[in-house]
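The residues of the chain are indexed from 1 along the displayed sequence.
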Amino acid sequence: MEDENEEENEDEDLGVRLKREALEALEEEPELCMLLHKTVLAPDVVTFEDAVASTVCYRMLMTPCVGGSGGSSSNKEHNLQFCPIVLRSIFDDAFQQKQHQQQNDDDLILESLLKEGGNTVRDAVRKDVLAVLQRDPACETILEVILFFKGFAALVCHRAARQKWILQQYMYDTQNTNTSNKTRRKKRSSRRSLSALFLQSQASAAFAIDIHPGATIGAGVMFDHGTGIVIGETAVVGDGCTLLHGVTLGGSGKTDGDRHPKVGRDVLIGAGTSIIGNIKIGNRAKIGAGSIVLRPIPEGATAVGVPARIIGRSLEARPGTNQDTSLLDVGHLATGGGDNADNNKSIRKQQKLESSVVTSTTATLSTNSILTLDSTEEQDKDSSLSSDSSDTKKDSHHLCPYQNYTSVRARKGTITFCQLRSILSEYKCIYSKEEGNNINSNNNKKRGIDLQLIGAIFLELDTKHCGYITVNTFQKKAPSVFTKFLSSDIIESIALNTTSNSSSEEQQQATQILVDQVVNKVCSE
C-alpha cells in the first residue's frame, strides 16, 4: 500500500510540475495559447497521463497547413484519418493498466504479457520523461519533453500500439486454442492488430521514427533527436538505454521468427549505427557512431567501426545515462599495460591502416561484409565460434569484433584472448536456451562455449586493458568471473563431465577445476 501511495504522489508531482510550467510559458509567451489549451491545458486533462495522451494524440493527427493560412474547418475534418475520440481512448486504456490482487490465471498471464520489459505503460512513460530531463542538456522542463521531443512522443505511441498488438494476439490465440495449425496460418491476418499498425504508421509519418508494435522496449529509454530510428518486430531494448538518431535494429533478412537484436540494459548506441540480426548487445555496452554490428557484443564492451570491433571496456556504471558519445570514458586496449609497448605499436599501426581503408571504402566494405555471408547458413551458427566450426574462419576475418585482441602476442606467464578462446571453445557442453546467443535449437547437442561469453569473461578479467591476463590474476579472479557468466550446468559439464544439480561446494570445486585446466593448458604450450 505504501508503494502505491508513493507512486500516486510521484504522478501528482509530475502533473503539478507540468501544469505550473505550462502556465508560466503561457504568461511569458501568449502566442502559445492555442497549442497549450489543446494539449497539456485542455479541459479534459486532469492527470499527468491525461496531458501526455492529449498531447501525443494532437501531434499525431495534426496536419500541416496547406496554402499558408490554414483553411476551413471542413477541410481540417476531411484530413483526419482516425477518430480523435477513439484514438484518445486507446492511449487512456494503455495508461490505465493496473495490477489487481484477485485474478485468475488467464488474467495474470495477460497482465504479464502487457507489461513491456516488466513495466506498465504508466511507469515506463514517467521514467522516459525523467530520462530525457536527466540526460539531454538541451532540455530544461517537462513541458518541452511533452510538447516537442518526438523521440518521447514516438515511444508513447509505441507503448500504446504494443498494448493493442499483444491484446489482439492473446485474444486470437485464446479463441483458437483447438484450431489446427493449417487453419491458423490461413487466419494469420486476424492475429495482427490493424489499429496497432496504424499507430506505428502514423507515428512514423509524424515523428520519422519507425517502431514495430511487437518490439519490446524497457523503461527510462531516450531517443536523442530520434530521426531515422528503426526498430524491428522481435527487437528488445533494455531499461536505461539511449539511442541516437539513425539507429537501426534490423532483421537478418527474410528469415521468419526471432530475427532482430536484443539490446541489454544501460546501453549507449551512437548515431547512424546499424545492428543487424538476432544478436545480443550485453548490458552496459557502448556502440560508437556509424558502426555496423553483425556479431554479438559482450557486457561492458565498447565497439566501433565497420564492421564493429571491440576497442576496450566501458568505464561508467551506466553508459546509457552518461551520454559518452565521443567514447572518452573507455578503457582502451593496450593503454594500461606498462610493459606492453610492442603491442601498443602493433595495434596503433594496425588501427591506422584499418582507418585509412575504412575511410576510402566504407560503403564497399559494409556491403561486402553482408553479401559474403552464406544466406543459407543457420542463424545459430552465425554467432557461435567453436574450433571445428566453419564460421571460425569467417569471424576471424573481417566480421569478428575481437580483431584488436587477437593481434596481441602471447608472452610467458600470461593468457591472451586467443589462448582463452582456443581452450574454452574446445570444451563441449550442453547449453540451455537461456545461455549464450542464437544457440542450436537441439538442446542435447554439445558445442563449445559461445564466443560472446568468452569475450565477456576476458574483458571482465582484463581490468588493465592490456590485451592479456597474468596467470596469477587469472587464478585469483577467474573463479568468480566464471560463476558470473557461466551457469553451473556448463561449468560442471566441462570440469566434471556431468550436468546433474550439485551443492554450492561442488559447484565451487568444479569452477576451480576449470580454472586449473585452463592454466595447465596455457603453461604447457
Side-chain angles (χ1 to χ4, degrees), residues 3 7 10-11 49 52 56 91 93-99 107-132 134-135 145 151-170 193 196 199-200 203 209-224 226 229-244 247-251 258-269 275 278-285 287 296-297 299 317-321 433-434 437:
D3 293 338
E7 289 183 1
E10 187 174 352
D11 289 340
E49 290 75 28
V52 172
V56 173
F91 283 86
D93 291 342
F95 277 120
Q96 289 171 4
Q97 178 193 347
K98 296 180 180 179
Q99 296 183 0
D107 291 336
L108 291 173
I109 292 173
L110 179 58
E111 182 181 284
S112 176
L113 290 173
L114 289 175
K115 287 185 176 181
E116 191 169 12
N119 304 286
T120 64
V121 174
R122 295 170 70 249
D123 292 340
V125 168
R126 182 169 62 251
K127 292 177 181 178
D128 293 340
V129 170
L130 296 177
V132 176
Q134 294 168 1
R135 301 174 201 173
V145 181
F152 170 77
L155 259 180
V156 175
C157 289
H158 161 72
R159 299 194 190 283
R162 184 180 180 277
Q163 297 287 301
K164 295 288 291 183
W165 185 263
I166 296 297
L167 184 60
Q168 179 78 3
Q169 289 185 333
Y170 177 80
S193 170
L199 292 177
Q200 175 197 2
I209 299 174
D210 192 1
I211 311 173
H212 193 282
T216 300
I217 301 178
V221 172
M222 184 179 81
F223 293 162
D224 198 356
I229 289 179
V230 178
I231 300 179
E233 178 182 7
T234 59
V236 176
V237 178
D239 295 344
C241 292
T242 295
L243 281 66
L244 277 81
V247 169
T248 297
L249 304 183
D258 197 357
R259 60 196 181 279
H260 294 96
K262 308 296 179 286
V263 179
R265 300 186 308 274
D266 299 307
V267 174
L268 174 64
I269 305 179
I275 305 176
N278 183 16
I279 59 176
K280 184 177 179 181
I281 308 299
N283 301 334
R284 297 180 48 255
I287 311 297
I297 302 299
E299 177 178 334
R318 301 182 62 186
T321 301
K433 268 196 170 184
E434 290 74 17
N437 187 72

Sub-4.5 Å side-chain heavy-atom contact between [X] and [Y]:
{"X": "F91", "Y": "V156", "value": "yes"}
{"X": "I269", "Y": "I281", "value": "no"}
{"X": "R259", "Y": "E233", "value": "yes"}

Please report the shortest heavy-atom distance between [X] and [Y], naming the atom on each side.
{"X": "E116", "Y": "I217", "answer": "OE2-N, 2.8 Å"}
{"X": "C157", "Y": "A203", "answer": "CB-CB, 3.9 Å"}
{"X": "P261", "Y": "G250", "answer": "CD-O, 3.3 Å"}
{"X": "A215", "Y": "G232", "answer": "CB-O, 3.3 Å"}
{"X": "R135", "Y": "T321", "answer": "CG-O, 3.6 Å"}
{"X": "A219", "Y": "A124", "answer": "CB-CA, 3.8 Å"}

Atom pair [atom1] ([X]) and [atom2] ([Y]), whose distance is rounded to the nearest 0.5 Å:
{"X": "R126", "Y": "F95", "atom1": "CZ", "atom2": "CZ", "value": "10.5 Å"}
{"X": "D258", "Y": "T234", "atom1": "CG", "atom2": "OG1", "value": "4.5 Å"}
{"X": "I279", "Y": "I297", "atom1": "CD1", "atom2": "CD1", "value": "7.0 Å"}
{"X": "I231", "Y": "D210", "atom1": "CD1", "atom2": "CG", "value": "9.0 Å"}
{"X": "Q163", "Y": "K115", "atom1": "CD", "atom2": "NZ", "value": "11.5 Å"}
{"X": "R265", "Y": "R284", "atom1": "CZ", "atom2": "CZ", "value": "10.5 Å"}

Derivation and outcome, side chain to side chain contact (heavy atoms under 4.5 Å, CB included), residues H260 and L249 = CA-CA 6 Å; H260 294 96; L249 304 183; 5.8 Å; no

Ion pair D128/R159, N-O distance below 4.0 Å | yes

Q200/I211 under side chain to side chain contact (heavy atoms under 4.5 Å, CB included): CA gap, chis, key distance, verdict = CA-CA 6 Å; Q200 175 197 2; I211 311 173; 5.8 Å; no

Derivation of the side chain to side chain contact (heavy atoms under 4.5 Å, CB included) call for F223 and V247 = CA-CA 9 Å; F223 293 162; V247 169; over 6 Å; no

With M222 as reference, evaluate L243, V132, L155 under the side-chain contact (heavy atoms from CB on, under 4.5 Å) test and give the passing residue.
-> V132

Verdict with supporting geometry, L244 and L268, side chain to side chain contact (heavy atoms under 4.5 Å, CB included) = CA-CA 8 Å; L244 277 81; L268 174 64; 4.0 Å; yes

